There are 2 protein chains.
Amino acid sequence: MRTLQNRVKEDGVVIDEKILKVDSFLNHQIDAKLMYEVGQAIVDHFKEKKITKVLTIEASGIAPAIMASLHLDVPCLFAKKAKPSTMTNEFYHTDIHSFTKNTTSTVVISKQFLDEDDHVLIIDDFLANGEASLGLHRLVQSANATTTGVGIVIEKSFQPGREKLQSEGLDVLSLCQVASLAGNKVKLVDE
Amino acid sequence: MRTLQNRVKEDGVVIDEKILKVDSFLNHQIDAKLMYEVGQAIVDHFKEKKITKVLTIEASGIAPAIMASLHLDVPCLFAKKAKPSTMTNEFYHTDIHSFTKNTTSTVVISKQFLDEDDHVLIIDDFLANGEASLGLHRLVQSANATTTGVGIVIEKSFQPGREKLQSEGLDVLSLCQVASLAGNKVKLVDE
């Protein structure tokens, strides 16, 4: 998606060889119109498939997910980060490790919003090691629902996330694939 | 806003006399189309005013805020809950107390995304005691920016939030005003 790719090149801030900061349009300040187009591009890719629900994780996944949800006219569900102490039988839960933050969070979704008839499009802002998307996929599996595919705004293609998701048989769409952040420079896959 | 009010009446779950759960369309599962209309209704109210930025707080504020932002064609900024240890000079920060959760969180926005030329529309999912909206207003003031108004999806009118915001001179729009949750029943102001 060219407008997104240009934006990542222009406004992305390389923190180190693994971390790209896109706080000006995605992770803190959000460009709503760009997210509207991101949602459309994701929906276009999966348009032949059955989708009954969009699933993401708070907080940065919500903007692209809700726009895809708007275009699809299906509900958007976001997994919440919860303390294990708040866990009850009403929730599906899984642990997700963040390599960037070096923390592990328990994330939950309420059982009432996902069941075996659901066909779920997982959407997230970043794909790096795949931990978040795999965690969401595990939540879908917990409900005996089906993951239709995974839509990602920015993929760090030099990390193993895509490979891990594909080895689970998942169809992965990434709208911007970053080949490298070496030398303080964003290099995209298709440039 | 009638569609929203009907939805609150039909799908809102009264937990106790102070807590209303709207997890099926706002706080966990989100109805994107409804949020699109919510965004439009908020923008309609403030359309004569200058707005350069929409400000909300993660996570449940993001959906209505990004839709208002889409209609206004201005950026949407969301304050992040941060540990005080991560605080640096690059951020404006304030503490926000949640009476519902009985917790106090430090929330931050990056200084680079708000300055004295900004006219800010604050949007949040709920208005109860006003702590969140007042906290966002303090962040706007920290940047010497101007708060244009406050747009709220659901107001608990039996709590003092609106009064507190108005005593700060703020124009408050709430799309659904809940008069009472007594007797396990949602009673709206205009019914």
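Here is how names work: the chains are called A, B, and so on, in the same order as the sequence lines, proteins then strands, and each is numbered from 1. Values in this document were obtained by computation on a predicted structure and should not be read as measured data.
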Quiz item: Out of P75(A), A63(A), S69(A), which one racks up the most heavy-atom pairs below 4.5 Å with chain B?
Solution: P75(A)

Quiz item: Taking H28(B) for the side chain and A79(A) for the main chain, is one N or O donor matched with an acceptor at less than 3.5 Å?
Solution: no

Quiz item: Of the non-hydrogen atoms in S60(B) and F78(A), which two are nearest, and what is the gap between them?
Solution: OG-CZ, 4.0 Å

Exercise. Can you measure from NZ (K81(B)) to NZ (K81(A)) and round to the nearest 0.5 angstrom?
Key: 10.5 Å

Quiz item: Mind checking whether I30(B) and Y92(A) sit in one hydrophobic cluster, side chains of I, L, V, M, F, W, Y counted as touching below 4.5 Å?
Solution: no

Quiz item: Would a hydrophobic clustering, with Ile, Leu, Val, Met, Phe, Trp and Tyr connected at side-chain separations under 4.5 Å, put I57(A) with L26(A)?
Solution: no

Exercise. Work out which heavy atom in L70(A) is nearest to a heavy atom in Y36(B); give both atom names and the distance.
Key: CD2-CD1, 3.6 Å

Exercise. Please state whether the side chain, the backbone, both or neither of I109(B) comes within less than 4.5 Å of a heavy atom of chain A.
Key: both

Practice problem: Identify which of S110(B), C76(B), S24(B) forms the greatest number of heavy-atom pairs closer than 4.5 Å to chain A. | Solution: C76(B)

Exercise. Look at the side-chain heavy atoms of Ile, Leu, Val, Met, Phe, Trp and Tyr, link any pair under 4.5 Å apart, and say whether V38(A) and L121(A) land in one connected group.
Key: yes

Quiz prompt | Hydrophobic cluster membership, L165(A) vs F46(A), 4.5 Å side-chain cutoff | solution = no

Practice problem: Is it possible for you to say whether V150(B) and L139(B) belong to one hydrophobic cluster, with membership spreading through side-chain heavy-atom contacts below 4.5 Å? | Solution: yes

Practice problem: Output the option from L55(B), I62(B), D31(B) having the highest count of non-hydrogen pairs under 4.5 Å with chain A. | Solution: I62(B)

Quiz item: Is the CD atom of E116(B) crowded by more than 12 outside heavy atoms at less than 6.0 Å?
Solution: no

Quiz item: Taking K80(B) for the side chain and A59(A) for the main chain, is one N or O donor matched with an acceptor at less than 3.5 Å?
Solution: no

Quiz prompt | Within 6.0 angstrom of K164(B) NZ, more than 12 heavy atoms from elsewhere | solution = yes

Quiz item: Going by heavy atoms in the side chains, are Q29(B) and Q112(A) under 4.5 Å from each other?
Solution: no

